[in-house]
Amino acid sequence: MLRCRFTTLLVCSLLLLAFASAAEAEFKRNYTLAKKSFEEGNYQDAVSKFQDAIKDNPEEAARVKIYGMRYDSYIPHYFLGEAHFRLNDCKSAMSAWNKALELGVIQGLEEYGAMQKNMSACKVDVVETVDVSRIAQQARTEIDALQSTNTSFARLQNESALKREWASKWQPELTRSEQLAQSLLQRLDKATGAADPTAIEAIIQEAKSAASALTGTEKLAQAQVKAAQSQGADAERLARESARRDLQNSTRLARAAETHDSASDQMKTLLADLQRQIGVAEGLGDTASAANIKEQTQVIDNVLRRYNLAVQDWQAQKQSVADRTPPAELKRIAEAYFAGDYAATVKLANPDSFDKDRARIQALLFRAAANYTLYVRSGEQQQPTLAQVQSDIRAIKKMNSGFSPYIAAFSPRFLALFKQTV
């Protein structure tokens, strides 16, 4: 049963292809015979054959394959009008020519000049049968439609996605269309005053064609705007995702902040503030912008750094006076770093100015961390700076192979680099 059904479909498909091929061959045959009758002066026979060709294929074309390697223009309405014209039937001729104008192929061919000349000759015979005021109103309606299209297109110049190329790409299209609309209005006034229906019909066709062309251009521009908006939305989404990952990492570090018995009042205050900022971060909804998420991440990082410094100060107070007091120069280095003045940190952090390894390690650490921040801010372009960072890390590990920076005081990326550098 399935095989029979498949065979039936195959046969039907072949029949349809054969029918289509035969229909195509028929209109070409009629068109060729019609032109032959026309050239031989047998205009009545040409009219009949041109009409047959139009029935088979009413669409015109500037170039079609007739047979073999022979190509020709396919403009049966033009030749039908010419045949009627030779038979002194201007009314039928004008009808055929107007249809040729409507199809829009004849305007690009050399026969267009001859058609215009013969249409002018026929004008006297048909002017009485044409309602000039009616077609003039139709022309005005088409020009109004063109102007409305111009106005719609002009609104796109405010779209940010088009601003960079508006003057070079889109404005010239709009200017040409606006100038054409004004020219058509002037021509319409003259053609109406002269009761010239042929000229008015031409104006109608030009207005329609221009409106259609600009509508197509407008659609292209709108598609570009839509694509840019989609890309912007994707970029914002990716930025939010990246910002949320950073926020989650900072929140994780904040939650891991060590609490201490008998902590100082400053530590307790900062720890409470840290918990509040974690709550703010958790309250950021799905609609929060990447900028807002990054801002909250920075707040948490800053509070956490201040808390860790307070912890270090508190721990130092529990040591002996000799052990807990860091060198004044090292303190200035730390203050510069946590104040965000990384250039000053690099300048101050000279490990050779300290006589103890513990102080040298801290100076190297702050210098490496500050240089790494400067390297990242440069767009990771300053390779000598990165090399200096790695050199300082190696120096630290040489003095104390088991040394590990306090994770809450430095960025995750620097900590990862410290771990990886050997």
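Since this is a predicted model, take the numbers as computed values, not measurements.
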Report all side-chain donor-acceptor pairs from residues 329-342 shorter than 3.5 Å, counting only partners two or more places apart or in another chain.
{"unit_1": "Glu329", "atom_1": "OE1", "unit_2": "Arg332", "atom_2": "NE", "d": "3.2"}
{"unit_1": "Glu329", "atom_1": "OE1", "unit_2": "Arg332", "atom_2": "NH2", "d": "2.2"}
{"unit_1": "Asp341", "atom_1": "OD1", "unit_2": "Ala344", "atom_2": "N", "d": "3.3"}

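- With values rounded to the nearest 0.5 angstrom, Glu201 atom CD is found 10.5 Å from Asp196 atom CG.
- Identified under the ring-ring contact (aromatic ring centres under 6.0 Å, His included) test for residues 272-296, with sequence neighbours left out: none.
- Tyr71 places none of its side-chain heavy atoms less than 4.5 Å from the side chain of Val64.
- Taking both residues in full, the closest heavy atoms of Tyr375 and Leu386 are given as OH-CD2, 3.7 Å, listed atom of the first, atom of the second, then distance.
- Under a cut-off of 6.0 angstrom, the local environment of NZ in Lys294 is sparse, with at most 12 non-hydrogen atoms contributed by other residues, nucleotides or ligands.
- When all heavy atoms are compared, the tightest approach of Ile203 to Ala191 is CD1-CB, 4.4 Å.
- The number of heavy atoms from other shown groups lying within 6.0 Å of CD (Glu110) does not exceed 12.
- Using modelled atom types and a 3.5 Å distance limit, the side chains of Gln205 and Glu102 yield no donor-acceptor pair.
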For residues 92-100, which side-chain N or O atoms pair as donor and acceptor with protein atoms under 3.5 Å away, sequence neighbours left out?
{"unit_1": "Ser92", "atom_1": "OG", "unit_2": "Asp89", "atom_2": "OD1", "d": "3.3"}
{"unit_1": "Ser92", "atom_1": "OG", "unit_2": "Asp89", "atom_2": "OD2", "d": "2.6"}
{"unit_1": "Trp97", "atom_1": "NE1", "unit_2": "Tyr78", "atom_2": "O", "d": "3.3"}
{"unit_1": "Asn98", "atom_1": "ND2", "unit_2": "Met94", "atom_2": "O", "d": "3.1"}

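- Looking at every heavy atom in both residues, Pro351 comes nearest to Leu364 through CG-CD2, 3.6 Å.
- In this structure, Ser183 contributes its side chain and Gln179 its backbone to no donor-acceptor pair below 3.5 Å.
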Pair His260-Met267, side chain to side chain contact (heavy atoms under 4.5 Å, CB included): steps then yes or no
CA-CA 9 Å; His260 301 271; Met267 289 169 58; 3.7 Å; yes

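- Looking at Glu82 and Tyr43, their side chains never come closer than 4.5 Å, going by heavy atoms from C-beta outward.
- When all heavy atoms of Arg244 and Ala288 are compared, the closest pair comes out as NH2-CB, 4.1 Å.
- For the pair Val225 and Ala161, the tightest heavy-atom approach, listed with the atom from each and the gap, is CA-CB, 4.1 Å.
- For the pair Thr32 (side chain) and Lys28 (backbone), a donor-acceptor distance under 3.5 Å is present.
- Among residues two or more places apart in sequence or in another chain, the ring-ring contact (aromatic ring centres under 6.0 Å, His included) test is passed with Tyr74 by Phe27, Tyr31.
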Taking distance alone, no hydrogens or angles, what donor-acceptor pairs closer than 3.5 Å link side-chain atoms of residues 407-422 to residues at least two apart or in another chain?
{"unit_1": "Ser411", "atom_1": "OG", "unit_2": "Phe414", "atom_2": "N", "d": "3.2"}
{"unit_1": "Arg413", "atom_1": "NH2", "unit_2": "Glu380", "atom_2": "OE2", "d": "2.5"}
{"unit_1": "Thr421", "atom_1": "OG1", "unit_2": "Leu417", "atom_2": "O", "d": "2.7"}

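- Applying the ring-ring contact (aromatic ring centres under 6.0 Å, His included) test to every pair with at least one member in residues 201-248, sequence neighbours left out, gives no pairs at all.
- In terms of modelled atom types and a separation under 3.5 Å, the side chain of Gln381 and the main chain of Gly379 share a donor-acceptor contact.
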So Asp72 and Lys35, salt bridge (Lys or Arg N to Asp or Glu O under 4.0 Å) or not? Walk me through it.
CA-CA 11 Å; Asp72 195 3; Lys35 287 187 69 174; 2.7 Å; yes

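- For Arg155, the side chain to side chain contact (heavy atoms under 4.5 Å, CB included) test picks out Thr151, Ser152, with sequence neighbours left out.
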Which is it for Gln362 and Phe403 under the side chain to side chain contact (heavy atoms under 4.5 Å, CB included) test, yes or no, and what are the steps along the way?
CA-CA 10 Å; Gln362 292 299 323; Phe403 178 83; 3.9 Å; yes

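- When the side-chain hydrogen bond (donor to acceptor under 3.5 Å, both in side chains) test is applied to Asp357, the partners found at least two apart in sequence or on another chain are Arg360.
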Candidate pair Ser353 and Asn350, rule side chain to side chain contact (heavy atoms under 4.5 Å, CB included), full reasoning:
CA-CA 6 Å; Ser353 63; Asn350 179 12; 4.2 Å; yes

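- In this model, a donor atom of one side chain and an acceptor atom of the other lie less than 3.5 Å apart for Glu165 and Gln224.
- For Arg252, there are no salt bridge (charged side-chain N to carboxylate O under 4.0 Å, His left out) partners, not counting sequence neighbours.
- When only modelled atom types and interatomic distance are considered, Asp45 and Ser37 share a side-chain donor-acceptor pair under 3.5 Å.
- Between Leu174 and Trp170, the closest side-chain pair of non-hydrogen atoms is not below 4.5 Å.
- Looking only at distances, no side-chain donor or acceptor of Ser242 sits under 3.5 Å from a matching main-chain atom of Leu238.
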Can you give me every donor-acceptor pair (side chain of residues 297-305, partner residue at least two apart or in another chain, under 3.5 Å) with its distance?
{"unit_1": "Thr297", "atom_1": "OG1", "unit_2": "Ile293", "atom_2": "O", "d": "2.9"}
{"unit_1": "Gln298", "atom_1": "NE2", "unit_2": "Asn302", "atom_2": "OD1", "d": "3.0"}
{"unit_1": "Asp301", "atom_1": "OD1", "unit_2": "Ser250", "atom_2": "OG", "d": "2.8"}
{"unit_1": "Asn302", "atom_1": "ND2", "unit_2": "Gln298", "atom_2": "O", "d": "3.3"}

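- The shortest non-hydrogen separation linking Ala254 to Ile278 is CB-CD1, 3.7 Å.
- A 6.0 Å sphere centred on CZ of Arg164 holds no more than 12 heavy atoms belonging to other residues, nucleotides or ligands.
- For the pair Arg367 and Gln388, the minimum side-chain heavy-atom distance is below 4.5 Å.
- Residues passing the salt bridge (charged side-chain N to carboxylate O under 4.0 Å, His left out) test with Arg306: none are found, sequence neighbours excluded.
- Using a 4.5 Å cut-off on side-chain heavy atoms (C-beta onward), Asp189 and Gln186 make no contact.
- Scored by the ring-ring contact (aromatic ring centres under 6.0 Å, His included) test, Phe153 finds Trp166 as partners (sequence neighbours excluded).
- Between the CZ atom in Arg29 and the CG atom in Asp52 there is a gap of 9.5 Å [rounded to 0.5 Å].
- Between the side chains of Asn292 and Ser289, at least one donor N or O lies within less than 3.5 Å of an accepting N or O.
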May I have the step-by-step check of salt bridge (Lys or Arg N to Asp or Glu O under 4.0 Å) for Glu159 and Lys163, ending in yes or no?
CA-CA 6 Å; Glu159 294 288 349; Lys163 281 188 176 180; over 6 Å; no

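- Of the N and O atoms on the side chains of Asn150 and Ser177, at least one donor lies less than 3.5 Å from an acceptor on the other residue.
- By the 4.5 Å heavy-atom criterion applied to side chains, Gln222 and Lys226 are not counted as neighbours.
- In this structure, Thr215 contributes its side chain and Ala211 its backbone to a donor-acceptor pair below 3.5 Å.
- Side-chain contact check for Leu184 versus Leu188: every heavy-atom pair is 4.5 Å or farther apart.
- Asn308 and Gln312 share no donor-acceptor pair across their side chains, judged by distance under 3.5 Å alone.
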